[in-house]
Chemist: 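The structure that follows is given in the form of structure tokens.
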Amino acid sequence: MIGLQDYGASGYKIYELIARLYPICRSITGDGLRQTLETISEYIPLQVHEVPTGTNVFDWQIPREWNISDAYVKNADGQRVIDFKKNNLHVVNYSVPLSRKMNLNELRRYLHTIPEHPDWIPYRTTYYDEAWGFCLTQRKLDAMEDGQYEVRIDSTLSAGSLSYGEWIIPGETDERVLLFAHICHPSLCNDNLSGVAMLVELARVLSSVPHRFTYHFVFAPATIGSLSWLSRNENIFSKIKHGLVASVVGDSGKMHYKKSRQETAAIDRAAMHVLKQSGKPYEIVEFSPWGYDERQFCSPGINLPVGRLTRSPNGAYPEYHSSADDLSLVKEEFLADSLETYLNILCCLESNFRYKNLQPMGEPQLGKRGLYRKMGGFQDVEILQLAMLWMLNQSDGTRDLLDIADKSDIGYRQLDRAAVLLTEHGLIEVSQD
Amino acid sequence: MIGLQDYGASGYKIYELIARLYPICRSITGDGLRQTLETISEYIPLQVHEVPTGTNVFDWQIPREWNISDAYVKNADGQRVIDFKKNNLHVVNYSVPLSRKMNLNELRRYLHTIPEHPDWIPYRTTYYDEAWGFCLTQRKLDAMEDGQYEVRIDSTLSAGSLSYGEWIIPGETDERVLLFAHICHPSLCNDNLSGVAMLVELARVLSSVPHRFTYHFVFAPATIGSLSWLSRNENIFSKIKHGLVASVVGDSGKMHYKKSRQETAAIDRAAMHVLKQSGKPYEIVEFSPWGYDERQFCSPGINLPVGRLTRSPNGAYPEYHSSADDLSLVKEEFLADSLETYLNILCCLESNFRYKNLQPMGEPQLGKRGLYRKMGGFQDVEILQLAMLWMLNQSDGTRDLLDIADKSDIGYRQLDRAAVLLTEHGLIEVSQD
Amino acid sequence: MIGLQDYGASGYKIYELIARLYPICRSITGDGLRQTLETISEYIPLQVHEVPTGTNVFDWQIPREWNISDAYVKNADGQRVIDFKKNNLHVVNYSVPLSRKMNLNELRRYLHTIPEHPDWIPYRTTYYDEAWGFCLTQRKLDAMEDGQYEVRIDSTLSAGSLSYGEWIIPGETDERVLLFAHICHPSLCNDNLSGVAMLVELARVLSSVPHRFTYHFVFAPATIGSLSWLSRNENIFSKIKHGLVASVVGDSGKMHYKKSRQETAAIDRAAMHVLKQSGKPYEIVEFSPWGYDERQFCSPGINLPVGRLTRSPNGAYPEYHSSADDLSLVKEEFLADSLETYLNILCCLESNFRYKNLQPMGEPQLGKRGLYRKMGGFQDVEILQLAMLWMLNQSDGTRDLLDIADKSDIGYRQLDRAAVLLTEHGLIEVSQD
């Protein structure tokens, strides 16, 4: 059954993949993105798609493809004081090609730092504006002396395509669970190599066990990438019954579940149930149109039941979008814990049927079926018997297992076990209405 | 009017009946049960029904009738170390007949104690499993010496019937209030001779005053008894507008109202209103399918608006299902207080009409009808005038008196008094929609 | 735009009008009422209506008109110990004419004081009962010596009419906002010259700016006056989309918004939003059928979406209905603050459209329209951009701006600014459904 194994070893596997992907310079298009999808393909059989430059996706258009080979700022002595080869965050992502000399005063307008974290390089982008810039630590900037600098960016912007990958693991039905990670960030670990690598491991685990739903994994650039996928998959919207956006799953923060726009979708109730039952600290965040790609999945014309499960939320940990979001920020134990939480939620959804009591007049006699202890008079009841009584009492076809979990405060695994037993004895059946 | 008398004397009457019924050895069938119903018939005109062994009641079947004349465990010296004649809890209820010798080691498997209460005898049953056993205090067990014991149970299990009693007190309408007490427990006072005897007194009180509803009292064994009654009364389910399961009403615990499965039925709202207005401590318990016979009344195929009103809830007081649940546990004052609470709730239901304001354009002029003080300008308003204003304002035919009580935080008696006055002056009328 | 100016100067204007109206002896009919409406007509073009004595208004009838020229109680020395000319509260409002001698003992039955505030004269009325009386301070009463007194009331009760005034300021649509103040109280400032004078200033402000709604101001006596207006305006009930009863707006108490009977009308949500966003202390009061003329507007047959906005609520400040409710109780700063709150609520209602997202598939690309900052990667988002994202995400035609304000916790002004920008760029439009 999904989610009952020990996923300690998975933490290491996830971490290893993060480490492999970390050095690559990714963007919303380009070879870094392609190389990332190829690496993932070594783990799971990814189908890679290319969306040509100029293609319309809803209100957007695929931009020219960006590639970069080198970039630097050299001082008068010819030393690289800012060097893309040392850290790909140094160049504002999607910077236009450039080769100029300028003095520090002029150059400053193109330099970005985080004054309150003087040793960190910020991550900045200029996808949809023809511009350029460099990012560096405040300390490096403070040390730069007046004088002439040589500024060079060896990038190209030309017709190409946007790449994304997907893997569909068929289940007993074609009802789908969408699992999405954005894959466009360069050397940033928690956001979002952690989400990418965790989903890869999740896909591997799911592919090895039987399951009801068809699991649809998508690895794509943020915004324009998820929009591309959505615009090419309108025909399956109605099949998507649940979904999660995976990101920021490697840091030490407690789990944060952000509700879908629907607010009470099964994915929302399942995530809340699993987090509550986990006994660990967690937080439920109301839906808002700010964050990751749930913004697109939950736009009013699409409105899929897609929530978001992170550890720290976007923007809410200090290292967010800076060079400090490196390999030291993500830990095996948190990655494994995140994976397990994802699996528990999916397992909960797999169990989440509406049942119909087939003996609804009074309680059926559980004892004669060997489902109830023989001696009476005790002060309390065993949890599995109580779970059976709850399932019997509430299964009038209108309530699903998560509704009953909520009312009874009994974990979904006990209720599911009770449901299986009662089904075997012909006392309940899955409601088809 | 129901519920306005002082019920202090009733406490004594209830206690007396408990004391009369206490020594009888009852079970879910048998002569003890019959004797109990006969005793009750001395107080109210009970109609007694017999359901033959083998009759199907929903998923169940009436078992063979159990009777017992004697039972003991004798030591090597011929002394009765466990003696049914001293306390009928000593024999596991529904034990098969037996006459054997065995040593202590073997015997131990059939002995039941409550280690954490070494001076109490537990109450155990084996209704639906052919087995036997003895219950005794831990202290007695500890004192039993090795050696041979003579074990004898003079019981019979044979074709017979299950007995229950009912009394229907007709009201102005045939809309019914169901009042149920389980009557199968042997020498246990709070659970449930208190419920039985309190309902007997409640029936006597109700039979002496005019009332709207038809009150339907049922005294039956737990589970199989309530199921028997239900299976023979399906034709009146639609008439049952309200109901209460009465039990555990004699101890010092605060009142606990357990909601019906419907959760917002009038009985639920009436009980909550009366308890809130009482000014005494109380607790509202959400519905769950564990407890007393509300489990049957509130099964999904039956789903009657039946709540449960106890003092301590089932299983939640230490003496529960033990010999310590004796005459010392129930007190006249608590029995009287429980009776009064039941009466208040019934009175509240009797008053709970939906009214229609016949002068709904603005406030009608209460002053010209002598319903409002003549001088104006005061800082506050008298409670009865305020109650009239609330009744007038909210009576649009969609809200009943309990809804208005809830919104206004005014007690139902004041609102009912206001409703009577306004009705007399032609300003409101009962809504028939 | 409504509500963005500084209304400091308005506080003085409102106070001045209160001071002009303060000396007049008003009642629910009579020349004092007429003189008050004439004074208001100097500020705004009031249309004055007269409803003849004997006219039926719903369940009521217009009483005879009351006028008074003098009233006193003279002691044996011929000194006026109680003198209407010193304070018009001295006479119970609507006292019948009288000229009698009586000793103190007899007289006492007609004298009214407030023992707990020995220096204050109470305000009492006897509109619908042919009676008379005098109000005085407890200290004055204590000083009155035994002996004969001459009691005289020079009042008249004769066929006449009840007067009220209204001003309708047309807007872009005939959807109306009702603004009502009761105008019958004699020399009492906070209750309700403050409400009257504040509405006059509010009308002046509104008449100088463009607006969507038609604003319908009504100045009428309490109860019989609002009933008169209602009975003559049944044909416009369906046009009244929002309304406020204005009273007690000059004291230092925090704002109290009392919900309409509908509880979740736009006026209720707007008032709650504005008060929450104000950053100042405030309280929300549930609807009850006790208070001012909201009692009539919110009677079940009329049930208009009319709330009430006061500072201290009725009856909840010590000076209420006494001579201490004088000019010293109302302050310019509180009057100005009340005016501003009213204007903010009206402005909020003016902005409260339901919009429809015209690009609902994913987020539209705000950047290419110059609506989004060009550089990406920042930790947070600017409030106006966030407001645009909320408007886009929630505008599916089912939610109005106040719903979105509630969900997003963003002020309605920001959301309205976002809505205007998005409308200009063709991304959303007002929903006509």
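Scope of the values below: all heavy atoms of this structure, side chains included, with no hydrogens, waters or symmetry mates. In what follows, every chain begins at residue 1, and chains take the letters A, B, ... in the order their sequences are listed.
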Chemist: Measuring heavy-atom distances to chain B, does C:Ile302 have an atom under 4.5 Å in its side chain, in its backbone, in both, or in neither?
Modeler: both

Chemist: So for C:Val92, is it side chain, backbone, both, or neither that comes closer than 4.5 Å to the heavy atoms of chain B?
Modeler: side chain

Chemist: State, to 0.1 Å, how close C:Ser299 and B:Gly362 come at their nearest heavy-atom pair, and which atoms those are.
Modeler: OG-N, 2.7 Å

Chemist: Using 0.5 Å steps for rounding, measure from the CD atom of B:Gln365 to the CG atom of C:Asp59.
Modeler: 6.5 Å

Chemist: So do B:Met361 and C:Glu234 actually touch side chain to side chain, heavy atoms under 4.5 Å?
Modeler: yes

Chemist: How about B:Met375 and C:His112: do any of their side-chain heavy atoms sit closer than 4.5 Å?
Modeler: yes

Chemist: If we define contacts as heavy-atom pairs under 4.5 Å, which of C:Tyr94, C:Phe58, C:Trp60, C:Tyr320 has the most with chain B?
Modeler: C:Trp60

Chemist: Not counting sequence neighbours, which residues clear side-chain hydrogen bond (donor to acceptor under 3.5 Å, both in side chains) with C:Glu130? List them please.
Modeler: C:Arg64

Chemist: Side chain, backbone, both or neither: which part of C:Tyr317 has an atom under 4.5 Å from a heavy atom of chain B?
Modeler: backbone

Chemist: Examine whether an atom of C:Phe287 lies under 4.5 Å from a heavy atom of chain B, and if so say whether it belongs to the side chain, the backbone or both; otherwise answer neither.
Modeler: both

Chemist: Are there residues of residues 389-400 of chain B whose heavy atoms fall under 4.5 Å of chain C's heavy atoms? If so, which?
Modeler: B:Leu389, B:Trp390, B:Leu392, B:Asn393, B:Gln394, B:Asp396, B:Arg399

Chemist: When heavy-atom pairs shorter than 4.5 Å are enumerated against chain B, which of C:Gly133, C:Gly301, C:Ser322, C:Pro300 gives the highest number?
Modeler: C:Pro300

Chemist: Starting at OG of C:Ser288, measure out to CD1 of B:Ile410 and round the result to the nearest 0.5 Å.
Modeler: 9.0 Å

Chemist: Where on B:Phe378 is there a heavy atom nearer than 4.5 Å to chain C: the side chain, the backbone, both, or neither?
Modeler: both

Chemist: Tell me, for C:Asp129 versus chain B, whether the close heavy atoms (under 4.5 Å) come from the side chain, the backbone, both or neither.
Modeler: side chain

Chemist: Pick one of side chain, backbone, both or neither for C:Glu263, based on which atoms fall under 4.5 Å of a heavy atom in chain B.
Modeler: side chain

Chemist: State whether the number of non-hydrogen atoms from other residues, nucleotides or ligands found under 6.0 Å of B:Lys356 atom NZ is greater than 12.
Modeler: no

Chemist: Under the salt bridge (charged side-chain N to carboxylate O under 4.0 Å, His left out) rule, collect the residues that match up with B:Lys374, sequence neighbours excluded.
Modeler: none

Chemist: Which residues, numbered in order, of residues 117-128 of chain C come under 4.5 angstrom of chain B by heavy-atom distance?
Modeler: C:Tyr123, C:Arg124, C:Thr125, C:Thr126, C:Tyr128

Chemist: Name the region of B:Glu363, side chain, backbone, both or neither, that has any atom closer than 4.5 Å to a heavy atom of chain C.
Modeler: both

